[in-house]
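Reviewing the structure listed below.
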Number of protein chains: 2
Amino acid sequence: MATSAQNSTKAKRARLPRERRRMDIMAAARAVFVEKGYEEAAMSEIAARADLVEGSLYRFFKTKRDLLIAVLEVSYEKLLADYDLQLAGISGVRNRLRFMIWRLLVAFQENPDLTRLLYRHIRSEADYLSTRIYELNRKYAGHMDAILTEGIASGELRAETPLRLVPQMILGGIDQLTWRHRMGVGQFDPARTADEMTEFVYRGLVAGNHSAGGPQDDVANRLEATSRDLAATTARLASLSELQDIDKKTNSSD
Amino acid sequence: MATSAQNSTKAKRARLPRERRRMDIMAAARAVFVEKGYEEAAMSEIAARADLVEGSLYRFFKTKRDLLIAVLEVSYEKLLADYDLQLAGISGVRNRLRFMIWRLLVAFQENPDLTRLLYRHIRSEADYLSTRIYELNRKYAGHMDAILTEGIASGELRAETPLRLVPQMILGGIDQLTWRHRMGVGQFDPARTADEMTEFVYRGLVAGNHSAGGPQDDVANRLEATSRDLAATTARLASLSELQDIDKKTNSSD
DNA sequence: GAGCCTTAATGAGGATAACTCATCAGCGAT
DNA sequence: ATCGCTGATGAGTTATCCTCATTAAGGCTC
């Protein structure tokens with residue numbers, strides 16, 4: 001609302017701090033990119049929406065593509081915000097794996113245009129590797145790796161688990177499964193998909209193909225693990241409510 | 001050699017049959033696309049290599065993109081030529097699965113530029129579905145489906161096999177695993193990769209491994225599901241309180 | 001508070017590339 | 001030899017990214 005400096009006669013040369021301008025431009029760019037896609041998004045329109053002239057954009061972003069990357073980096077970062085925090089509250093290989101899958105599926109479902117831009121113009125270009133998005137995906141895969149490694153150490157997963165392969169197949173599978181939704185045709189159910197995928201993956205990973213200790217033993221192990229999970233969840237709930245209390249107190253003093 | 005009608009002074013108006021011209025154009029286009037990529041490939045250069053003038057291309061292909069699609073359709077068809085024939089000579093769920101995976105990996109390894117174009121400009125665009133390439137991929141997935149169904153019928157695979165999921169994860173995994181090679185950085189070994197992937201997938205599919213399907217198992221399943229639900233609820237709670245934090249902060253900054 | 005100076009902002013214009021269209025002429029049929 | 005169909009032309013249009021010389025806003029010094 002109060003964006004235009006002087007509401008009459010259209011202010012000619014509002015001089016704003018650099019960071020503020022950058023953010024304005026990125027906000028405008030995000031809107032146009034989402035609305036029209038990359039190629040169809042004209043720099044002139046982005047400039048217009050950011051209350052700027054086309055040439056000025058290039059003082060903030062060297063190229064149209066740089067602008068896209070900047071926009072998607074912050075968007076993707078928000079998209080995956082603190083999933084690792086939430087992951088910390090979940091225990092057990094299987095549950096943790098499922099959470100990772102489910103979280104990404106939900107993120108994809110809630111942001112189809114964003115993920116479309118991501119796949120079309122970032123992940124399939126060679127400079128993807130020098131992108132913050134790549135870093136985030138690496139971190140994500142790293143978490144999966146940690147989960148698997150942990151599972152192997154505890155003996156729950158077989159020692160020959162292909163550590164590199166599994167995250168790749170999960171990420172690739174998610175890509176494939178969400179393609180239609182991303183393109184605006186079709187839907188998917190994150191919870192059900194996550195269940196199916198987790199089940200399938202877990203079966204491929206779990207140790208003891210030929211009943212090492214009998215099925216009952218296995219069930220007992222899983223029950224114990226689940227019990228630990230529940231305890232962890234309870235603990236997390238408790239600490240959460242404490243945090244909220246503290247929050248309320250500190251906020252009210254502001 | 002005999003392409004140019006009069007070998008002196010560059011024949012001005014060689015009049016060739018329509019199909020012949022189409023093929024010439026597609027051959028030239030393929031070369032330029034592979035060499036430079038889609039955006040960097042200029043219609044003028046394609047025309048020059050096909051011994052034509054730029055404007056003439058548009059009498060054969062309505063748009064640059066149409067030309068690309070036509071080129072990739074025949075290339076992809078060749079790429080997967082008679083894998084189904086070879087498949088017929090292989091028996092056993094596991095062997096057949098492995099062959100499917102291995103075959104695609106080899107094709108991808110041998111044609112990095114082609115697959116790069118495919119992923120960058122066909123598979124990530126909405127009109128992919130109306131493409132012959134889509135049909136070919138469907139056929140490929142259909143073969144996998146048949147293999148799995150057959151395995152279920154014989155009792156080798158468990159009956160609850162997620163038929164839709166598995167081919168998607170395999171194709172997606174192959175996509176991911178070959179990304180670096182496609183982009184010109186890194187390598188992969190089709191045989192070893194196929195082995196690993198087949199082993200992992202097969203373990204996830206085969207009947208009668210860890211969950212024997214007994215009543216105890218059912219109890220464990222239900223308990224685990226409950227635990228997951230609780231964890232998810234906690235996670236939601238957590239993100240909720242965090243969101244409130246952010247809200248408060250952003251509001252105070254106004 | 002006047003003048004200076006850094007630099008944000010401008011806007012006209014260059015460069016390139018996809019695509020169009022009125023016109024021309026090669027080639028088979030008469 | 002002539003005619004007409006249509007393949008082929010190439011000049012031109014349009015759209016868009018990006019550059020650059022110029023202008024003046026606003027903080028800083030005295």
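Below, chains carry the letters A, B, ... as their sequence lines are ordered, and counting in each starts from 1. Note that this is a predicted model, so its numbers are computed, not measured.
As rounded to whole Å, 12 Å separates atom C1' of C/dA9 from atom CZ of A/R18. Rounded to an integer number of Å, the gap from CD of B/E45 to P of C/dT16 is 15 Å. Between A/L57 atom CG and C/dT10 atom C1' there is a gap of 12 Å when expressed in whole angstrom units. Nucleotide D/dA15 holds its C1' atom 13 Å from the NZ atom of A/K36, rounded to whole Å. Put simply, CZ on A/R22 is 17 Å from C1' on C/dA9, counting in whole angstrom units. Taking atom CG of A/L67 as the reference point, atom P of D/dT16 lies 16 Å away to the nearest angstrom.
A/T115 has its side chain out of reach of A/T178: every pair of non-hydrogen atoms, C-beta onward, lies at least 4.5 Å apart. Side-chain contact between A/K139 and A/Y83 is present, with at least one heavy-atom pair separated by less than 4.5 Å. The side-chain heavy atoms of A/I174 and B/M169, taken from C-beta on, include no pair separated by under 4.5 Å. Counting heavy atoms from C-beta outward, A/L97 and A/L148 have side chains that approach closer than 4.5 Å.
Using modelled atom types, no side-chain atom of A/T131 and backbone atom of A/I133 make a donor-acceptor pair closer than 3.5 Å.
Shown here are the side-chain contact (heavy atoms from CB on, under 4.5 Å) partners of A/L16, two or more places apart in sequence or in another chain: A/A14, A/R20, A/R21, A/D24.
Rounded to 10 degrees, the angle separating the terminal axes of the helix from C/dG1-D/dC30 to C/dT30-D/dA1 is 0°, with each axis obtained from five end pairs.
Under the 6.0 Å cut-off for aromatic ring centres, A/Y128 and B/W179 qualify, their centroids lying closer than that.
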Between the protein and nucleotides 18-22 of chain C, are there any N/O to N/O pairs under 3.5 Å, and if so, what are the atom names and distances?
unit_1 : atom_1 : unit_2 : atom_2 : d
C/dA18 : OP1    : B/A41  : O      : 3.1
C/dA18 : OP1    : B/K64  : NZ     : 3.0
C/dA18 : OP2    : B/M43  : N      : 3.0
C/dC19 : OP1    : B/T63  : OG1    : 3.4
C/dC19 : OP2    : B/Y58  : OH     : 3.4
C/dC19 : OP2    : B/K64  : N      : 2.8

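Listed nucleotides: C/dT10, C/dA9, D/dA8. Nearest to the side chain of A/R21: C/dA9.
The line from CD of A/E40 to CD of A/E35 is 12.0 Å long, rounded to the nearest 0.5 Å.
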